[in-house]
Amino acid sequence: MKYRNISNYFADALKKMGLEEIPEIAFETPKNADHGDLSTNIAMQLPKMLKKPPRAIAEEILQNIEADDEVIEKIDIAGPGFINIKFTPKYYSAELEAILNKAADYGRQDVGKGKKTIVEYVSVNPTGLLHLGHGRNAAIGDTVSNLYDWMGYDVTREYYFNNAGNQMNNLAKSIYARYMQIIDSPEFPFPEDGYHGDYIKTIAQDIVDIESDKYIAGSDDDIAALRKAGELWAFDKIKATLGRMNINQDNYFNEDSLYSDGKIENIINEFKNKGLAYEKDDALWLKLSEMGLQDDRVIVKSTGEPTYRLPDMAYHREKFERGFDVIVDLFGSDHIATIPDVLTGVKSLGYDTDKVKVLIHQFVTLMENGEQVKMSKRTGKNYTLDDLLDEVGEDVVRFFLIMRGINTHLEFDLDLAKEQSDKNPVFYLQYAHARLCSIFDNAIDKDINIDDKADLTLLVDKSEISLIKTLMKFPDYIRLSCDKGEPMILAEYLRDLAAAFHVFYHNCRIIGSEEKLMQARFKLAAATKITLKNGLDILGVSSPERM
RNA sequence: GCGCCGGUAGCUCAGUUGGAUAGAGCAACAGCCUUCUAAGCUGUGGGCCACAGGUUCGAAUCCUGUCCGGCGUACCA
């Protein structure tokens, strides 16, 4: 008794009308409830094929359709040719029963059964603390991973990082300068492009405290030791911050391993063997212009070091080799330019890049007192993700960072986030859950027995039906949210669900109603609690029992 | 210059891939608590969907052009 069957009724009717190829029949829930429970515009898609006006086609469909009275209460034509369907209470009670049976698994699907997916997110190099932009990446990435999990995929959550290279040298030099300023002279010069954040001073002080003047000479070994200390410190903090957001990734992939395992070497050779690479000005170029892109790009610099593109390609190839069916990359919009290069390169090696799903999210601006808080690396005064977690808590952070479409520039309103009140949208959802819990607490307090069986066809009030309808949509929204890589879709749905519940709660008393109706309403409340909890779990937001 | 993303209510944003009267939260205003949590519910006001053309039964949505904002456009990652 799902929409699929409804669609079959229509397909059969269209067959009887002599249509050979049955087009996809799209259903939607009308915005206006008076238009019925479900609506299709199929009659308006067919005038060209059938050479008849839409309304005439709709009438013909209605004559040919064999509707099941158990399921469909009413079916009629409206407006320019919409066909509107109204379901029976029995249909709804059966759907509600199904939700209760699935319980904690309600919403889980098997679309991805037997398939492996990897979601790469966060992936910041260990040179400092996470800021809000990273937080957005982390929250979206983790939610998308959860969505794939609920769709039945075997999900690997991966963090890709590089602890070598220029940025890390820069970190090492910055730490050395701060170290020398403490132990030797406050006048010791700070590097031009160094990391100005106060955390560098903290790292340096820690080293001074433990190892005193051990590294004062500043030899290559000393610098290497400081770099390692900085890396460990930063990684520790990053993982701790992610942990606070309930994010624990499965795998940390080190870019270095691509070199040590010969993967970089291999990919260079393969490009050469395929005649896709050539030397110019002492550098090695990839012939991207012959693969449909605008310009050729350098993959190995004249210094002998690869550019970032090469390890990126090798890394993607590695993901293919590990046998993933879906490869999700989540990047901030500043990485956008490199993606076509990397994908084109990997494709030229014979991999199916359609498996790669690149998600790009826009930046975050932090607003406080109506003004933008600058988050520049240079200023040193850096508003970190930890600062935000301290101020507003992990639930608010996770929710705020996914509640807008990933393609829109996110304005993070610190004042709104800090507000512990009805203005804060995340509490609206959590409050619904807390209210539900308190209904059941009350039943226990009052020694009310909750029957296992209840006559769910008694649920006929407008707000009851509306709530059931909303509950039924949950799996569809998980799928939609996953397909589009848009956690916001699920967040919006949960807001709708909470709203439908609040209206039901307001209109329909549970405890105190006539016994049979009360029992049916307990069931509805239980299904709502399950669905809300499952949805909040996917978003990584807690479901409090009391507020 | 070129590429990607965006421009919808006073503010922040949705808009189910072209459908019925363009929605929600916040802000403003007016109601609803002796009964399961008022962090809630109900109602009112608020729109040249950036602008100009085009495509068709039908456009916020698709196509072209223009304007505005963000991010890129390296032998930096």
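A, B, ... follow the sequence lines: proteins, then strands. Residue 1 opens every chain.
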Under 4.0 angstrom, heavy atoms only, what part of the nucleic acid is A/Ile510 near: base, sugar-phosphate, or nothing? base
Specify the separation, in whole Å, of atom CD1 of A/Ile42 and atom P of B/rC57. 17 Å
Can you tell which of B/rC41, B/rG19, B/rC36 lies closest to the side chain of A/His502? B/rC41
What closest approach, in Å, do A/Ile402 and A/Ala491 show between heavy atoms, and which atom pair accounts for it? CD1-CB, 3.8 Å
Distance in angstrom units between A/Glu368 CD and B/rU12 P, rounded: 17 Å
Give a yes/no answer on whether the side chain of A/Tyr505 brings an N or O atom under 4.0 Å of OP1 or OP2 in B/rU42. no
Indicate, with a heavy-atom threshold strictly under 4.0 Å, whether A/Met403 touches base, sugar-phosphate, or nothing. nothing
Give a yes/no answer on whether the side chain of A/Thr408 brings an N or O atom under 4.0 Å of OP1 or OP2 in B/rA14. yes
d(CZ, A/Phe331; C1', B/rC5) in whole Å: 16 Å
Show me, range against range, the stems involving RNA chain B, built from at least 3 consecutive Watson-Crick or G-U pairs below 3.5 Å. B:1-7 with B:67-73, B:10-13 with B:23-26, B:28-32 with B:40-44, B:50-54 with B:62-66
Its contact letters, B for base, S for sugar-phosphate only and - for none at protein heavy atoms under 4.0 Å, make nucleotides 71-77 of chain B read SS-SBSB
Let me know the distance between CG of A/Leu359 and P of B/rC4, rounded to the nearest Å. 18 Å
Rounded to whole Å, please give me the gap between CG in A/Asn84 and C1' in B/rG19. 12 Å
Working to the nearest 0.5 angstrom, can you tell me the gap between A/Asp37 CG and A/Ile468 CD1? 10.5 Å
Pick base, sugar-phosphate or nothing for A/Cys508, based on heavy-atom distances below 4.0 Å to the nucleic acid. base
Integer-rounded Å distance: B/rG1 C1' and A/Gln294 CD: 12 Å
Take atom CD of A/Gln45 and atom P of B/rU17, then tell me their distance rounded to the nearest Å. 10 Å
Classify the angle between the aromatic ring planes of A/Tyr199 and A/Trp233 as parallel (below 30°), tilted (30 to 60°) or perpendicular (above 60°). parallel
Tell me what A/Gly81 touches on the nucleic acid: a base, only sugar-phosphate, or nothing, going by heavy atoms under 4.0 Å. nothing
Listed pairs, N/O of protein and of nucleotides 23-27 of chain B, under 3.5 Å:
unit_1 : atom_1 : unit_2   : atom_2 : d
B/rA24 : O2'    : A/Arg495 : NE     : 3.4
B/rA24 : O2'    : A/Arg495 : NH2    : 3.2

Which part of the nucleic acid, if any, lies within reach of A/Asn41 when heavy atoms closer than 4.0 Å are counted: base, sugar-phosphate only, or nothing? base
Could you check whether A/Glu545 gets within reach of a base, just the sugar-phosphate, or nothing at all, counting any heavy atom under 4.0 Å? base
Where the chi angle of B/rU17 falls, syn if within 90° of 0 and anti if not: syn
Using a cut-off of 6.0 Å, state whether more than 12 heavy atoms not belonging to A/Glu391 lie near its atom CD. yes
With side-chain hydrogen bond (donor to acceptor under 3.5 Å, both in side chains) as the test, pick out the partner of A/Gln519 among A/Lys523, A/Glu515, A/Lys516, A/Arg521. A/Glu515
Does B/rC33 sit syn or anti, given that only angles within 90° of 0 count as syn? syn
Rounded interatomic separation in angstrom, taking CE from A/Met44 and C1' from B/rC57: 8 Å
For the side chain of A/Tyr477, starting at C-beta, report the closest nucleotide among B/rU16, B/rG19, B/rC5. B/rU16
Categorize A/Ala78 for me: base, sugar-phosphate, or nothing, with a 4.0 angstrom heavy-atom threshold over every strand shown. base
Do A/Lys263 and A/Ile267 have side chains that get closer than 4.5 Å, going by heavy atoms? no
Compute whether any side-chain donor of one residue and acceptor of the other, for A/Thr127 and A/Asn125, lie under 3.5 angstrom apart. no
Find the distance between CD1 (A/Ile538) and OH (A/Tyr477) and round it off to the nearest 0.5 Å. 14.5 Å
